[in-house]
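Each remark here refers to the structure printed beneath this line.
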Amino acid sequence: MATTSNAYLGSFLLAELLEAYAGLRRAPLPSGVEVQPTDRPEFGDYSSNLALLAAKGCGTPPRKLAEELVQALAKRVPPDDVRAEVAGPGFVNFFVSPHRVQEALRGVLRSGDAYGRSERGAHRKTQVEFVSSNPTGPLTVGHGRQAVLGDVLASLFSEIGYDVGREYYFNDEGNQIDLLAESLWIRYRELFGESHDIPEGGYRGEYLKDLARDVRSSLREEYRAFDDRAKALFRREAVERISATIRNDLAALGIRFDTFFSEATLHRERKVDAALVELRKHGAAYDKDGAVWLRADHVPGGKDSVLIRSDGRPTYLMVDIAYHIDKRERGFARVIDVQGADHVVEQACVKAALAALGFDPEFLSYGVHQFVSLKEGGEIQRMSTRAGRFVTLRDLVDEVGADMVRYFMISRKPEAHLDFDLDLAKSQSLDNPATYIQYAHTRICAVFRKAETENPRSLVADWNDVDISPLVEREELDLIKKLDGFPDVLETAALSFAPHLVPEFALGVARAFHGYYDRHRVLSDDEAMTRARLALLHAIGLVLRRSLGVLGMTAPEAM
RNA sequence: GCGCCCGUAGCUCAGCGGAUUAGAGCGUUGGCCUCCGGCGCCAAAGGUCACAGGUUCGAACCCUGUCGGGCGUACCA
């Protein structure tokens, strides 16, 4: 979204163009105006569609409007820096002088490790909630996608100036947990040679057998019957042990949460009852067929749903609403829930409830993602925790490494299905784009290592002060223009929930660098040139490191 | 049946609040190692942007419909 980007080269041009347009006093600014880098030299360095979009509102033919804009621009910007031209149906194409492009590189070098950060979020207290898988089994590859997505989104919002907390919401009581406890107890009894049928809806995975062995060896007495005492014990054992596993699995992926929020606290602190009182007060709840219902049909996708069952127990939805009220009470100004596509109806209902309670519609947004299928031997694998058919996230991480898992999970846009190709990730992990990006970084480090012995006089402590005017090759200027786009990528990726833009961007930088590296030698007898090129490499390395950092991937100095 | 998402090169995917000749990686073919790490570079071949209409001076992108695929459509969580 060029209209909101930071004050770098591309946005500088946009700002000037908009000023020029305002000066014409013709018509309000249309939406969708952009200044974008071009991919073809004859169209200049950047190009804008303003005249095409505004022509209708101004009652001026696009080409004529473009002419006027170009004339107005000439008065604003030194023609030595930027030359604007009309092209095609009415594009305004910008030709930027090498000097002005070099200024952009100076901006990168000046910002250093802070390059790309912004204050857009004004430190608003924000929460990203994700994974939130119930502690009934190990995390699957499917959870892995959400884990990476949520983690990277949180990083992105943090980059653009929000104060972000990562939260994991877990259900530690109720039906599912009872079934889990019973399933575990049955596996436990099997160790004594007994055999029981796992109940309908129970958990059949092998992992409970391992767990049962651990539980048995830690218990002093034998639990022969699944009575209330056994139920409480096996419930606690199951939840604690599986939660610990989940935390470990997430840690192996480099993910850490700030808070683990237990659903039980909402019940204990009567928050669920309080939420229902509020809903009734706002006319959003009504009684029917012995149950209490939420009125949600006025919200797109929403439908009236049960809040309190006729037996008096609250539904998941009811508790979910109470949970979101609690989030606001904890002081969050904005909450982002990352969830799978199977929750869309639930989401609409929660939104409807919050709207009825007078919440700002901006308070809650959902980052929805589609599912992951695992592909192995050309076969798509189906997964189900309850049936015990899945590949665990941990197995995958152990197999291909955290960097690769993170890269594959994040490089597809969230709303599209993801086929995780196990064979590719396992056997050809060197042929994947993640390696390509990391190799670019390694190569840059190698050049600096080499410079230490062969061109030590070209090295400086502060790259900020280097004379970069020797950088006039087309590849060098193109690289700088790419680096210039980084702040904009971070902002768009965050605000549009499109983190896949980051690996896309990094890949483009890596590609441009590899091409440059092959065509131009960095280290040479020309000390001024060597120093300028090292400054450029320093900036490229910086941006690659920043990109990989946001993705939670390593930027290796050697591979 | 209804709702949401997806359908772009052999494969995996970008691009999609319209705009100048549709992009990348892998794979295929052909070049490039006296030179900073060849885990690299350059080039070629490969696409009726699922299909059919519509809006527009202009559509991969917007609208309608059709056909594929996924997910929902619980007093489950």
Side-chain angles (χ1 to χ4, degrees), chain A residues 1 30-32 34 38-40 42-43 47 49 51-53 61-62 87-91 93 132-134 136 171 174-177 201 263 288-293 300-301 303 305-320 340-348 368-371 373 375 378 408 411-421 424 428-436 438-440 442-451 454-455 498 500-501 503-505 507-508 510-511 513-524 530 533-534 537 558-559:
Chain A
M1 225 131 299
S31 64
E34 294 177 321
T38 62
D39 40 7
R40 313 190 41 203
E42 58 267 42
F43 298 147
S47 172
N49 58 354
L52 294 154
L53 295 175
F91 291 98
N93 291 345
S132 296
S133 162
N134 288 339
T136 55
N171 174 340
N175 258 342
Q176 294 310 314
I177 302 298
E263 182 192 321
K288 194 181 85 178
D289 302 335
V292 184
W293 294 68
K303 49 179 290 204
S305 311
V306 171
L307 292 169
I308 306 292
R309 286 176 266 246
S310 45
D311 64 7
R313 290 154 50 232
T315 58
Y316 180 86
L317 172 63
M318 180 68 241
V319 182
D320 203 8
D342 52 341
H343 285 69
V344 285
V345 175
E346 167 82 7
Q347 291 162 6
V368 181
H369 66 92
Q370 293 286 338
F371 298 106
S373 323
K375 218 168 67 176
F408 277 100
S411 56
R412 182 98 154 97
K413 61 185 171 189
E415 66 269 32
H417 298 271
L418 175 68
D419 285 339
F420 197 107
D421 190 332
L424 181 78
Q428 297 178 283
S429 60
L430 290 183
D431 285 332
N432 70 43
T435 310
Y436 183 89
Q438 290 177 320
Y439 181 57
T442 298
R443 238 183 177 179
I444 289 170
C445 293
V447 174
F448 277 92
R449 278 195 294 272
K450 186 91 174 175
E454 314 224 330
N455 302 65
H500 67 288
L501 296 178
E504 189 76 8
F505 168 82
L507 193 60
R511 187 162 42 236
F513 164 71
H514 284 308
Y516 170 64
Y517 175 91
D518 235 64
R519 227 167 280 132
H520 303 283
R521 229 191 125 75
V522 175
L523 306 177
S524 68
T530 299
R533 289 186 167 168
L534 282 173
L537 258 62
M559 298 167 70

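Note that the structure is a prediction, hence the values are computed from the model and not measured. Side chains included, hydrogens not; waters and symmetry mates left out as well; all remaining heavy atoms used. Each chain gets a letter, A, B and so on, in the order its sequence line appears, and its residues count up from 1.
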Would you indicate what [X] reaches in the nucleic acid, counting non-hydrogen atoms under 4.0 angstrom: base, sugar-phosphate, or nothing?
{"X": "Ala451(A)", "result": "nothing"}
{"X": "Asn93(A)", "result": "base"}
{"X": "Glu346(A)", "result": "base"}
{"X": "Arg449(A)", "result": "base"}
{"X": "Asn49(A)", "result": "nothing"}
{"X": "Val345(A)", "result": "sugar-phosphate"}
{"X": "His520(A)", "result": "base"}
{"X": "His343(A)", "result": "base"}
{"X": "Ser305(A)", "result": "nothing"}
{"X": "Tyr517(A)", "result": "base"}
{"X": "Leu53(A)", "result": "nothing"}
{"X": "Arg521(A)", "result": "base"}
{"X": "Thr442(A)", "result": "base"}

Over all heavy atoms of both residues, which pair between Pro414(A) and His500(A) is shortest? Give the atoms and the distance, please.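 Closest approach of Pro414(A) to His500(A), heavy atoms only: CD-ND1, 4.0 Å.
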List the atom of Ser310(A), the atom of Asp289(A), and the distance in Å for their closest heavy-atom pair.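 Answer, listing the atom of Ser310(A) first, then Asp289(A): CB-O, 4.2 Å.
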Quick check: on RNA chain B, is the nucleotide nearest Asp518(A) upstream (toward 5') of the one nearest Ala341(A), or the reverse? Name the residue that is more 5'.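 Checking each residue's closest nucleotide, the 5'-ward one belongs to Asp518(A).
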Could you pick out which residue, Ala291(A) or Val447(A), lies toward the 5' side of RNA chain B when each is mapped onto its nearest nucleotide?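 With Ala291(A) and Val447(A) compared, the 5'-side residue is Val447(A).
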Between [M] and [N] - [atom1] atom distance, rounded Å:
{"N": "G18(B)", "M": "A60(B)", "atom1": "C1'", "answer": "11 Å"}
{"N": "C62(B)", "M": "C16(B)", "atom1": "C1'", "answer": "10 Å"}
{"N": "U8(B)", "M": "G23(B)", "atom1": "C1'", "answer": "10 Å"}
{"N": "U48(B)", "M": "G53(B)", "atom1": "C1'", "answer": "16 Å"}
{"N": "A14(B)", "M": "A59(B)", "atom1": "P", "answer": "25 Å"}
{"N": "A22(B)", "M": "G58(B)", "atom1": "C1'", "answer": "16 Å"}
{"N": "U28(B)", "M": "G72(B)", "atom1": "C1'", "answer": "42 Å"}

Please determine, by modelled atom types, if [X] and [Y] share a side-chain donor-acceptor pair under 3.5 angstrom.
{"X": "Thr38(A)", "Y": "Ser47(A)", "value": "no"}
{"X": "Arg533(A)", "Y": "Tyr516(A)", "value": "yes"}
{"X": "Glu263(A)", "Y": "Asn171(A)", "value": "yes"}

Which glycosidic conformation, syn or anti, is assigned to C33(B) if syn requires a torsion within 90° of zero?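 It is syn.
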Classify the side chain of [X] and the base of [N] as holding, or not holding, a donor-acceptor pair under 3.5 Å.
{"X": "Thr315(A)", "N": "C75(B)", "answer": "no"}
{"X": "Thr38(A)", "N": "U20(B)", "answer": "no"}
{"X": "His417(A)", "N": "G69(B)", "answer": "yes"}

Parallel, tilted or perpendicular, as decided by the 30° and 60° cut-offs, for the rings of His514(A) and Tyr436(A):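 Ring orientation of Tyr436(A) relative to His514(A): perpendicular.
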